[in-house]
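Everything below concerns the one structure shown next.
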Amino acid sequence: MAVKVNSAFLDGFVREDELTNIAPQCALAHEALHSGTGAGNDFLGWLNLPSDYVTGAGDFKGELARVKAAAQKIRKDSEVVIVLGIGGSYLGARAVIEALKGTLYNSTAKKEGRPELYFAGSSLSPAYMNEILSLVDGRDFSVIVVSKSGTTTETALAFRVFKKLVEEKYGDKANERIYAVTDKARGTLKGLSDAKGYETFVIPDNVGGRFSVLTAVGLLPIAVCGCDIDALLKGANVAMKDSSVPDIAKNECYKYAALRNILHRKGFAIEMLVSYENSFMMMNEWFKQLYGESEGKDGKGIFPASAVFSTDLHSLGQYVQDGSNIIFETVVWFGKTDKDFFLEDEPDNADGLNFLSGQNMSNVNEKAFQGTLLAHTPKGGDGGKTPNVILEIPKLDEFELGYLLYFFEKACAISGYMLGVNPFDQPGVESYKKNMFALLGKSGFEKEKEILLAKLKG
């Protein structure tokens with residue numbers, strides 16, 4: 001297995017018999033998920049998605065080849081690519097790209113023979129919109145718009161702006177610069193795409209946005225950035241096979257789901273996903289949407305938070321070490337890196353760091369990880385009271401990341417069922433949209449506008 005759950009730093013928090021006792025609940029969740037009898041069973045397309053995408057089953061016939069061809073074309077004819085989407089329509093793609101290419105991936109784009117890639121349509125900030133617009137000025141660019149309906153306000157507004165720019169710059173060739181990832185048969189964006197002749201890719205009806213990173217939603221931008229999507233899907237396929245066993249003792253994915261539920265029942269209400277790589281920051285954000293939107297309902301759920309150490313040890317470390325005892329940490333640890341850095345001796349040793357000379361920086365990072373484990377958990381004897389679950393992964397590459405994506409998705413589904421919620425809906429997300437439409441004066445919301453304005457005035 002590419003992900004191994006290390007529970008050695010849960011001593012005093014979780015007993016071995018508790019895993020045994022919760023195993024039947026995990027098995028029931030497995031049965032509900034795989035038989036399609038659980039809540040939200042209309043949205044289980046992600047379950048076999050890695051295999052379906054590679055084999056071209058159902059909606060995915062020929063899709064992988066078209067994704068690769070489109071990515072190759074975009075790399076050849078574009079200096080800049082703008083990806084428009086919000087939530088699951090962009091987080092997965094950005095998370096994978098930054099994890100594999102680094103947070104400064106755009107600075108190396110020209111050198112690597114690929115376009116710069118930026119994300120928009122995920123906020124309503126005018127300042128950010130103007131920043132993005134300035135990046136395409138005088139340059140060849142393409143647009144990838146990701147929206148199942150085509151009417152999500154943030155994305156639709158951004159698409160209106162960029163569609164106009166493309167049409168003004170490229171005229172009757174504009175349709176060759178716009179790629180739509182949307183519903184296969186209906187919706188505003190699908191209708192427009194058919195009318196204008198945009199190349200389209202499918203968001204399946206049975207795959208929710210936060211589970212869609214391994215469809216064209218994520219794969220097209222990821223491929224544009226030069227990442228190996230075959231290896232990504234291969235890793236996900238192996239994870240799919242590894243996590244198909246209902247026995248918790250043989251399934252690391254289910255062991256993780258079970259551990260987080262045991263901790264939650266003991267009062268640990270917040271899970272902090274921790275990494276020691278800056279490039280993992282957006283993976284943290286993807287994780288937070290996946291788990292927050294899946295579990296946070298009916299007055300239930302584990303609150304997903306995140307941190308990047310050692311950076312955030314200088315801001316959050318004090319709270320984790322000595323604050324309210326409501327947090328458990330899930331640490332994603334990659335065993336080795338292909339991008340190490342050797343530390344050299346300095347003659348005058350002015351900074352006092354010559355004791356690090358002759359070491360690789362990865363070793364220093366690992367010692368920071370180990371030191372933090374001892375500080376945050378009772379094992380170190382420093383008063384730490386924070387349980388730590390460690391997800392050990394051999395290295396950070398496409399295969400391992402594909403494995404981890406599916407691992408988290410499957411664990412989220414199992415954990416949600418164990419919590420007693422439908423992990424595949426998000427009823428609360430619609431509330432702000434209705435209020436915003438009313439306050440902006442959308443037709444049909446006149447009465448709601450009056451009521452909301454009165455409430456805002458107190």
I'd like to check [X] versus [Y] (side-chain heavy atoms, cut-off strictly below 4.5 Å). Are they in contact?
{"X": "V83", "Y": "L220", "value": "no"}
{"X": "L273", "Y": "F408", "value": "yes"}
{"X": "V238", "Y": "D242", "value": "yes"}
{"X": "E252", "Y": "V3", "value": "no"}
{"X": "W333", "Y": "L391", "value": "no"}
{"X": "H264", "Y": "R260", "value": "no"}
{"X": "F119", "Y": "M282", "value": "no"}
{"X": "Y90", "Y": "V146", "value": "no"}

Original post:
Under 6.0 Å from the six-membered ring centre of F437 and within 45° of its axis: does the NZ or CZ of K442 meet both?
Top reply: yes

Original post:
For F445, is the NZ or CZ atom of K434 found under 6.0 angstrom from the centre of its six-membered ring and inside 45 degrees of the ring axis?
Top reply: no

Side-chain H-bond candidate by donor/acceptor type, [X] with [Y], under 3.5 Å:
{"X": "Y403", "Y": "K234", "answer": "no"}
{"X": "E329", "Y": "T386", "answer": "no"}
{"X": "Y406", "Y": "K241", "answer": "no"}
{"X": "T37", "Y": "S35", "answer": "yes"}
{"X": "S149", "Y": "R186", "answer": "no"}
{"X": "S415", "Y": "E295", "answer": "yes"}

Original post:
Once you round to the nearest 0.5 Å, how far does CG of L47 lie from CG of L33?
Top reply: 5.0 Å

**OP:** First locate atom CZ of R94, then atom CE of M283, and finally report the distance between them rounded to the nearest 0.5 Å.
**Re:** 14.0 Å

Give a yes or no on whether the backbone of [Y] and the side-chain of [X] come within a donor-acceptor separation of less than 3.5 Å.
{"X": "Y291", "Y": "C412", "result": "yes"}
{"X": "N237", "Y": "S51", "result": "yes"}
{"X": "N360", "Y": "N363", "result": "no"}
{"X": "D247", "Y": "A249", "result": "yes"}

Original post:
Taking it one step at a time, do F328 and F13 satisfy ring-ring contact (aromatic ring centres under 6.0 Å, His included)?
Top reply: CA-CA 10 Å; F328 71 94; F13 300 108; 10.0 Å; no

Would you be so kind as to tabulate the donor-acceptor pairs closer than 3.5 Å made by side chains of residues 305-313, with sequence neighbours excluded?
from	atom 1	to	atom 2	distance (Å)
S306	OG	K288	NZ	3.2
D312	OD2	V308	N	2.7

What donor-acceptor contacts under 3.5 angstrom involve side-chain atoms of residues 222-233, with partners at least two apart or in another chain?
from	atom 1	to	atom 2	distance (Å)
D228	OD1	D230	N	3.1
D228	OD1	A231	N	3.1
D230	OD1	K68	NZ	2.8
D230	OD2	K68	NZ	2.9

Subject >> Given W46, W286, F43, the one that forms ring pair (Phe, Tyr, Trp, His ring centres under 6.0 Å) with F211 >> reply: W46

**OP:** For this output row, return yes or no: ring centroids of F334 and Y276 closer than 6.0 angstrom.
**Re:** no

